[in-house]
Structure formats: C-alpha cells, structure tokens
Amino acid sequence: MIDGLRVVLFQPKFAQNVGAAARACANMGCGELVLVAPRDWDLERALPLATPKGEPVLRATRVVDELGQALAGCAHVYGTTARTGGWRTGLLTPRAAAERVAGQCREGARVALLFGPEDRGLTNAETEVCGQLVTIPTAEASSLNLAQAVLLLLYECFLAAQEAPRGAPREPAAHNLATHAEQELLFAAMREALLAIGVLKDQNTDYWMLPVRRFVQRTPLRRAEFNMLMGVCRQVRWVAGRAGLLWPGNDPGREPGPDGTGGSGKSGG
C-alpha cells in the first residue's frame, strides 16, 4: 500500500477509462482516486473495467467540481504530459518521479499524481499548479491511454516504495509542509510583489512566473518558510507603495476607485 498517494483524473472523458484506472490503483496499492468534473461519468459503465479487484477503489472514488478541491491537503503535485517544450520544461521520467514520490509519502506527505483528459491532456494553465511534470518516453504515439499512463506511474511508485534507500535525506514532517493551497496563495503574493517592483511585466505574467514557481517547488516548502515569504511579499508591496511605485497597471491587489482607475496614485502614463 502506498499511503498518502492520490490519483487525480482531471475531466476524464470515458467512464471505462476511469474503471480501468481504478483497477490500476488497486493493483499497485493506491487507495485514493479523485475525479475532477468528469464529462460523462457513469459508475455502471466503469465497473466492468474496474473488475472485482478495483471495485472498492472505484466505489470510494470522490467526484469534485474544481481542481483545487481535488488537490486539497496535498503538499506535492506531479502533473503528466505528453507534450514537451515551451512551458513544459524540467520533465521527469516516471522512475525519477517515483523515487521522489516514494520518499515524500514515507515521510507522511500527501502527494497527487495529476492526469489530464484523454483528448487533450493538461493545458498550460493546469500544469502551472504542478510542482513537477512527468512524461512517459515512448517510441511512437507519445499519447498513451489514460489508464495505461496511470498504471505505468503507479507501477514505478510501487517499486520505489518497496526500496526504501538507507541514508536517504529525510523530508520535513508532513504537518510542517505548506499545502498546495498555501503554495498557490504564496505564488499569487509573489506575483503581486514582483509586479510592484517591475521584475514582472504586465503581459504574459503567468509565463514569466513559471521559473519562480519551479524554483520554490524544487524543495519541500515548510510552513515557517511559507509564512516568512508571505511576510516578505507584504513588505515589498508596502515599500513599493511608500515609494509611489504602485499604480493600477502593476497593482493587482488595489481596489478600483470611483472612476474605475484604481484610486489614488500614479496614472500609469
């Protein structure tokens, strides 16, 4: 059993694939499966593919409306992608990802493996919330069946969980780690602070924030560090405001004024 590991299927298209994914979870010792806004969910159509072995996992599957709900409580999120380049850099193989996942789960952290819909995979916006991206190398036809991808990643995680290396560096205790939701709050605060001092520009800020996100997510973020960085961001925005640097174009946190321009301050001209 891989305690703390959660498989999240984002907008899966076919109930049969969900059933097969539930069987893969049962085969590899993952007891938690979450569906985000499935497009044609039907338990009865999923059950035959789950088989009796996967039926308990399938019946215990949670269905939620939003991705944030599915990732609630997780300290680490690994997204899967068949596409590379552009926003999708620093990709891990399933084996490399599994070694990290196994170590994080051993220390009590909750970890999510996120899979996109069968017809398009995860979009850039959806991969943004992932601390790491994983791709499965193939000879041809890089896009795998959803249940196949789930099985391959869980297989590697299962093997890695059986091979606890001696002397491996210990992760912080799970209760000391910032959750995924807290990390998203931090990235929003960092975005506002970096905009305020001109490090980020108004155009395509999500893209330019990616290196910042990947840098912060490279190591486990402790809650004390989260609180410290949130305080730094607040102080940066306060100093920027005192220096007259905040104006509507670079102050996302400012309430609009009566004329809709963002209130007092520079006009941005």
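Position 1 is the first residue of the sequence; numbering continues from there. If you're wondering where the values come from, they're calculated on a predicted model, not measured in any experiment.
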Got a donor-acceptor contact below 3.5 angstrom from the Arg213 side chain to the Glu128 backbone? yes

Under 4.5 Å between side-chain heavy atoms, counting indirect links through other Ile/Leu/Val/Met/Phe/Trp/Tyr residues: same cluster for Phe10 and Leu5 or not? no

Any side-chain heavy-atom pair of Ile197 and Arg237 under 4.5 Å: no

Transitive ILVMFWY side-chain link Leu153 to Val57, under 4.5 Å: yes

Is a donor on one side and an acceptor on the other found under 3.5 Å between the side chain of Glu156 and the backbone of Leu152? no

Spatial distance of atom CZ (Arg100) from atom SG (Cys157) [nearest 0.5 Å]: 12.5 Å

Heavy-atom closest contact (Val36 atom, Glu66 atom, distance): CG1-C, 3.6 Å

In Å and rounded to the nearest 0.5 Å, what is the CE to CG distance from Met190 to Leu185? 13.0 Å

Looking at Val8, Leu154, Thr80, which hits side-chain contact (heavy atoms from CB on, under 4.5 Å) with Leu113? Leu154

Side chains of Arg62 and Glu32: does their closest heavy-atom pair fall under 4.5 Å? yes

Could you check Thr61, Leu35, Leu33, Leu114 and say which one makes a side-chain contact (heavy atoms from CB on, under 4.5 Å) with Val7? Leu33

Please report the C-alpha distance between Arg110 and Asp3 in whole Å, then the side-chain angles of each, then the deciding distance to 0.1 Å, and finally whether the salt bridge (Lys or Arg N to Asp or Glu O under 4.0 Å) criterion is met. CA-CA 8 Å; Arg110 302 200 68 82; Asp3 293 329; over 6 Å; no

Looking at Asp65 and Ala37, what are the two nearest heavy atoms and their distance? O-CB, 3.9 Å

Checking Asn145 now: which residues fulfil side-chain hydrogen bond (donor to acceptor under 3.5 Å, both in side chains) with it, not counting sequence neighbours? Asn17

Does Gln183 reach the main-chain N or O of Ala75 with its side chain, forming a donor-acceptor pair under 3.5 Å? yes

Hey, is CZ on Phe226 packed in by over 12 heavy atoms from elsewhere, all under 6.0 Å? yes

Do Trp41 and Leu49 land in one hydrophobic cluster if side-chain heavy atoms of ILVMFWY residues count as linked below 4.5 Å? no

Return the minimal non-hydrogen interatomic distance between Ala82 and Thr135, and the atom names on each side. CA-OG1, 4.2 Å

For His76 and Tyr78, run side chain to side chain contact (heavy atoms under 4.5 Å, CB included): C-alpha distance rounded to whole Å, both residues' side-chain angles, the deciding distance at 0.1 Å, then the answer. CA-CA 7 Å; His76 309 280; Tyr78 292 78; 4.1 Å; yes

When hydrophobic residues are tied together by side-chain contacts of less than 4.5 Å, even through go-betweens, does Phe115 share a cluster with Leu67? no

If you round to the nearest 0.5 Å, how far is OG1 of Thr81 from CD of Glu126? 11.0 Å

Interatomic distance, Arg95 atom CZ to Thr93 atom OG1 [nearest 0.5 angstrom]: 7.5 Å

Closest non-hydrogen atom pair, Ala22 against Leu58: CB-CB, 3.9 Å

With side chain to side chain contact (heavy atoms under 4.5 Å, CB included) as the criterion, how do Val34 and Arg6 come out once you've worked through the C-alpha distance, each side chain's angles and the decisive distance to 0.1 Å? CA-CA 7 Å; Val34 182; Arg6 178 184 303 172; 3.8 Å; yes

Check Pro48 against Glu44 and note the closest heavy-atom contact, atom names and distance. CD-O, 3.2 Å

Atom CD of Glu192 and atom OG1 of Thr205: how far apart are they, to the nearest 0.5 Å? 10.5 Å

Nearest 0.5 Å, please: how far is CG in Leu71 from OG1 in Thr179? 10.5 Å

For Arg120 and Gln11, what are the C-alpha separation, side-chain angles and deciding distance, and is it a side-chain hydrogen bond (donor to acceptor under 3.5 Å, both in side chains)? CA-CA 10 Å; Arg120 62 171 176 81; Gln11 295 182 351; 2.9 Å; yes

One pair to check against side chain to side chain contact (heavy atoms under 4.5 Å, CB included): Phe14 and Asp40. What are the steps and the verdict? CA-CA 6 Å; Phe14 301 109; Asp40 190 17; over 6 Å; no

So, does Glu163 use its side chain to make a donor-acceptor pair with the main chain of Ala160 at under 3.5 Å? no

For the hydrophobic clusters of this structure (ILVMFWY residues joined by side-chain heavy atoms under 4.5 Å, transitively), does one cluster hold both Val64 and Leu146? no

Taking every heavy atom of Arg23 against every heavy atom of Ala50, the minimum-distance pair comes out as CB-O, 3.4 Å

Apply side chain to side chain contact (heavy atoms under 4.5 Å, CB included) to Cys233 and Val236, showing your working. CA-CA 5 Å; Cys233 291; Val236 167; 5.7 Å; no

